[in-house]
Amino acid sequence: MSYLDLLNDAQRSAVIHNEGAVMVIAGAGSGKTRVLTYKIAHLLNNKVDAFNILALTFTNKAAKEMKDRIQKIVTGNESLNISMGTFHSVFAKILRVESTKLGYPTNFTIYDMADSKSLIKHIIKEQDLDDKIYSPNSVLSRISSLKTNLISPAEYNSSDDYLNEDKRAQRPKFGLLYSLYCERCFKSSAMDFDDLLYKTNVLFRDYPDILNKYQKKYKYILVDEYQDTNFSQYLIVRKLAQLHKNICVVGDDAQSIYSFRGANIQNILNFKKDYPTFKMFKLEQNYRSSKTIVEAANSVIEKNTEQIKKNVWTDNEIGKNINVVETINDIDEANYIADIIKNTIFTTDDDYNKIAVFYRTNSQSRQLEESFRKKGIPYKIYGGMSFYQRKEIKDLMAYFRLTINNNDEEAFLRVINYPARGIGKTTIDRLVLAARTNNTDIWTIMENPNLFPSDINNATKTRLKDFAVKIKGFTASLLQKNAYELASYITSNTGIMKELFDDRTPEGITRYENVEELLNGIKEFADSYYVEEVVDPEALFPSLDKYVNEISLITEIKDENSDKNTVSLMTLHAAKGLEFPYVFICGVEENLFPSQLSLQSRKEIEEERRLFYVGITRAEKELIITYTNQRYQWGQLRPAEQSRFIKEIDHKYVDFVSTSEHYSYNNDFSKNKFSDNRDDYNNNDWDISEFQDKTHYYKKIQKQTTIATNSPAFAQNKKMVKLEEVINTPSFNDTGNNDWDEGDKVFHQRFGNGSILNIEGVGQNKKASVLFDNFGKKDLILKFAKLTKLNN
DNA sequence: AGTGATCAGATTTTT
DNA sequence: TCTGATCACT
């Protein structure tokens with residue numbers, strides 16, 4: 001077989017060692033993914049059924065990459081039958097099959113971070129706790145770490161240690177919050193990210209027959225990025241591998257960068273205990289980077305105390321020294337990077353997609369974006385606000401979720417009054433109260449509002465009923481309409497389409513287009529629906545719930561521009577597993593990288609150092625590290641200083657450069673102008689290409705629109721829209737007390753006595769200008785103002 | 001109920 | 001600086 005000839009000795013040994021427990025310690029750039037893919041190919045070539053293979057990755061991106069690679073080297077469609085994906089997605093699928101055992105419906109919702117946060121906020125508020133002491137973020141991260149370590153609310157609340165710890169930390173109610181949070185998730189038929197692993201553990205613990213079923217199925221288990229697995233994941237893998245004990249884990253302890261999320265290097269040590277006869281293979285030859293880069297990276301990582309011994313080396317050329325560049329401030333830094341990129345492209349004839357810029361925090365991308373736009377450099381930002389996090393997408397998805405799972409409380413709260421249908425906070429409070437006092441659920445109340453006593457007025461009751469009927473109608477269509485048909489039906493039937501279409505601001509147009517894109521994605525899903533194992537005919541039907549299940553764990557939309565020729569901008573965390581010929585790491589400053597929050601302990605600083613190591617080892621040919629002396633942060637210019645990590649690179653691999661020599665004119669300029677007016681400085685000296693900043697363009701348009709408000713055309717337009725609104729208002733004819741006249745003397749509860757100067761508008765929108773004796777002139781909408789006419 | 005205005009808080013990383 | 005949340009106002 002020719003593919004084995006493409007491997008070095010260590011790689012080949014790892015690939016052909018199929019049976020038993022295997023640990024592959026793979027240095028950066030040593031062909032880890034190659035080993036994993038070839039290993040799977042080798043299994044398939046040795047008559048292992050694809051259905052018996054489980055391959056777990058850390059990110060969706062890694063899963064997709066591995067799938068693509070395997071498809072290329074394995075003939076036929078066999079690779080599609082491998083259970084491959086992130087821990088979360090693979091076990092979410094299993095949970096869908098087994099959820100009823102745990103008291104969850106098959107169509108349980110998966111709460112994302114935003115849902116979890118919103119829920120915990122509600123709970124904190126309901127408990128009347130101070131959200132400064134119980135900050136939603138800190139509460140959530142503690143809950144997450146408990147779940148990751150498989151500590152249930154009951155266990156927590158019966159442990160004196162935990163309770164005392166909370167008392168000491170002035171957060172005695174934490175245990176209660178944890179319990180309530182889990183209860184509410186359960187009532188909503190929802191699982192959060194951690195639940196997907198936690199509940200899998202519960203399932204395997206409480207149902208040995210189910211565990212056995214999957215143990216039998218998964219004869220071969222492979223785990224990528226093992227250094228970043230947490231305890232919950234470790235235990236699932238251990239349980240599943242117990243029967244066949246064919247388990248292969250691949251990782252690099254030097255690249256463990258997710259301990260903040262519960263990742264535990266101990267898992268590597270536990271591996272030795274759990275499988276005493278395991279075989280270890282070390283991949284130490286680096287094929288990616290120049291000698292300079294490999295050795296510089298080694299010189300950094302050796303400052304860490306705890307690590308598995310290995311010697312990463314390379315046969316590649318020595319290559320250029322690393323440039324460490326001192327810049328004046330963040331703008332100068334971004335401009336410098338943009339300049340060097342242009343120069344590199346110009347002199348080497350390489351493409352933009354050979355270049356990547358890494359940073360520690362997402363917020364650093366903004367300045368880079370601005371400079372790149374001005375210099376006409378095409379770029380793509382990875383991570384940050386993803387497509388599915390956009391408001392308009394979340395709103396629509398919430399309708400889908402509520403349709404699929406009527407218990408989904410977060411989805412319910414999101415859409416109950418969107419688009420506005422006159423059901424506000426007060427009504428929801430009354431609804432919840434009515435449900436509680438009548439000992440039933442809100443849907444029963446909404447559907448039969450007159451059967452239960454409540455404070456909800458009649459008009460609102462009708463609205464609630466309409467909403468409930470509407471959603472139930474969608475739910476009933478789940479198996480009648482396919483995903484696309486139902487999704488577009490919901491989009492237009494709820495008025496979302498009209499709402500977005502009517503908003504002709506540039507942002508509104510973008511939102512409309514995003515919804516169109518989502519619908520297109522759903523259409524594509526419905527048209528190309530494929531099922532691995534046909535269990536029943538229903539499984540063949542591309543229903544909306546199947547679509548939502550599929551994408552609820554995906555954060556990035558499939559990118560059609562991925563092969564476009566652009567520079568890649570991303571955080572160092574997102575860079576893991578990637579490689580580029582030219583790499584920039586920017587903002588390498590104390591308090592930023594290493595992050596200020598990590599300076600508390602040696603462990604955390606070592607993790608930051610590993611992150612730096614990951615960044616360095618992404619580079620193939622050239623590495624440029626930048627830092628600035630001043631950085632704009634929290635709306636303020638703050639002094640910055642070179643990171644300790646720069647000093648840790650063996651200086652024989654480094655050339656130090658400063659922009660103040662190259663751009664001394666900028667320097668002078670900044671002294672006079674910088675602190676006063678960043679925009680001036682920003683625009684200085686740089687050719688503004690036709691590659692325009694979209695947001696700036698939008699801002700300009702918005703301004704024009706505001707000015708144009710007074711133009712006759714606009715006014716006419718506005719009148720038409722208004723008229724339409726008025727006609728559509730049910731209470732159009734309900735004019736109420738209508739007989740106001742100019743000159744009338746009136747009384748207002750707040751403003752006291754006054755006289756009407758002028759009346760305008762009709763019906764609902766009737767307005768009065770009133771000159772009050774003590775408060776001057778006020779414009780009041782009569783519907784709300786509750787004026788009393790004074791007889792004189 | 002809905003809207004605009006003002007104020008406080010945030011910027012670590014991701015499934 | 002930018003965002004979200006709350007509040008005052010109609």
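Every chain is numbered from 1, with letters handed out A, B, ... down the list of sequences.
In the model, Q227(A) has a side-chain atom that pairs as donor or acceptor with a side-chain atom of E225(A) under 3.5 Å. N201(A) and S232(A) form a side-chain donor-acceptor contact under 3.5 Å, judged by distance and modelled atom types alone.
Between N417(A) and dG2(B), a side-chain N or O to OP1/OP2 separation shorter than 4.0 Å is present. Contact check, S595(A) against dT13(B): no side-chain N or O comes under 4.0 Å of OP1 or OP2. An OP1 or OP2 oxygen of dT14(B) is reached within less than 4.0 angstrom by no side-chain nitrogen or oxygen of K576(A). T571(A) has no side-chain polar atom (N or O) that falls below the 4.0 Å cut-off from OP1 or OP2 of dT12(B).
With rounding to whole Å, N591(A) atom CG is found 13 Å from dT12(B) atom C1'. What separates CD of E604(A) from P of dT13(B) is a distance of 15 Å, to the nearest Å. The CD1 atom of I110(A) sits 14 Å away from the P atom of dT15(B) (whole-angstrom rounding). Separating the CE atom of M113(A) from the P atom of dT12(B) is a distance of 13 Å, rounded to the nearest angstrom. Atom OH of Y359(A) and atom P of dT13(B) are 10 Å apart (whole Å). Nucleotide dT14(B) holds its P atom 18 Å from the CG atom of L197(A), rounded to whole Å. Look at CG on L95(A): it is 19 Å from P on dT15(B), rounded to the nearest Å. Residue H122(A) contributes atom NE2, which lies 12 Å from atom C1' of dA5(C) at whole-angstrom precision.
Between G262(A) and N230(A) the shortest heavy-atom distance is O-CB, 3.1 Å.
Comparing R463(A) and S598(A), the nucleotide of DNA chain B nearest to each residue sits closer to the 5' end for R463(A). Taking for each of T460(A) and E607(A) the nucleotide of DNA chain B with the nearest heavy atom, the 5'-most of the two is the partner of T460(A).
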Side-chain donor/acceptor pairs under 3.5 Å, residues 253-260 of chain A, sequence neighbours excluded:
from	atom 1	to	atom 2	distance (Å)
D253(A)	OD1	K310(A)	NZ	3.2
D253(A)	OD2	I308(A)	N	2.8
Q255(A)	OE1	R618(A)	NH2	3.2
Q255(A)	NE2	D252(A)	OD2	2.8
S259(A)	OG	E607(A)	OE1	2.5
S259(A)	OG	E607(A)	OE2	3.3

Under 3.5 Å, sequence neighbours excluded: what are the donor-acceptor pairs made by side chains of residues 119-126 of chain A?
from	atom 1	to	atom 2	distance (Å)
H122(A)	ND1	S118(A)	O	3.2
E126(A)	OE1	R184(A)	NH1	2.9
E126(A)	OE2	R184(A)	NH2	3.1

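Note on I423(A): only backbone sugar-phosphate atoms sit closer than 4.0 angstrom, heavy atoms only; bases stay farther off. As judged by a 4.0 angstrom heavy-atom cut-off over every strand, T427(A) is placed among residues touching the sugar-phosphate backbone only.
Taking the P atoms as reference points, dT13(B) lies 15 Å from dG4(C), given to the whole Å.
Closest contact between the side chain of N362(A) and the listed nucleotides dT13(B), dT15(B), dA1(B) involves dT13(B). With dT6(C), dT15(B), dT13(B) as the candidates, the nucleotide lying closest to the side chain of K125(A) is dT6(C). Considering only side-chain atoms of Y258(A), the nucleotide from dA1(B), dT15(B), dT14(B) that sits closest is dT14(B).
Every residue two or more places apart in sequence or in another chain that forms a ring-ring contact (aromatic ring centres under 6.0 Å, His included) with F593(A) is listed here: F612(A), F645(A). By the side chain to side chain donor-acceptor pair (under 3.5 Å) test, T229(A) pairs with N267(A), sequence neighbours left out. With sequence neighbours left out, the side chain to side chain donor-acceptor pair (under 3.5 Å) criterion links S568(A) to no other residue.
Between the side-chain ring of F260(A) and the base of dT13(B), a stacking contact exists by the 5.5 Å and 30° definition.
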Measure all distances between protein nitrogen or oxygen atoms and nitrogen or oxygen atoms of nucleotides 5-11 of chain B, and list the pairs falling under 3.5 Å.
from	atom 1	to	atom 2	distance (Å)
dT11(B)	O2	S363(A)	OG	3.3

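Judged by atom type and distance alone, R360(A) reaches the base of dT13(B) through a side-chain donor-acceptor pair under 3.5 Å.
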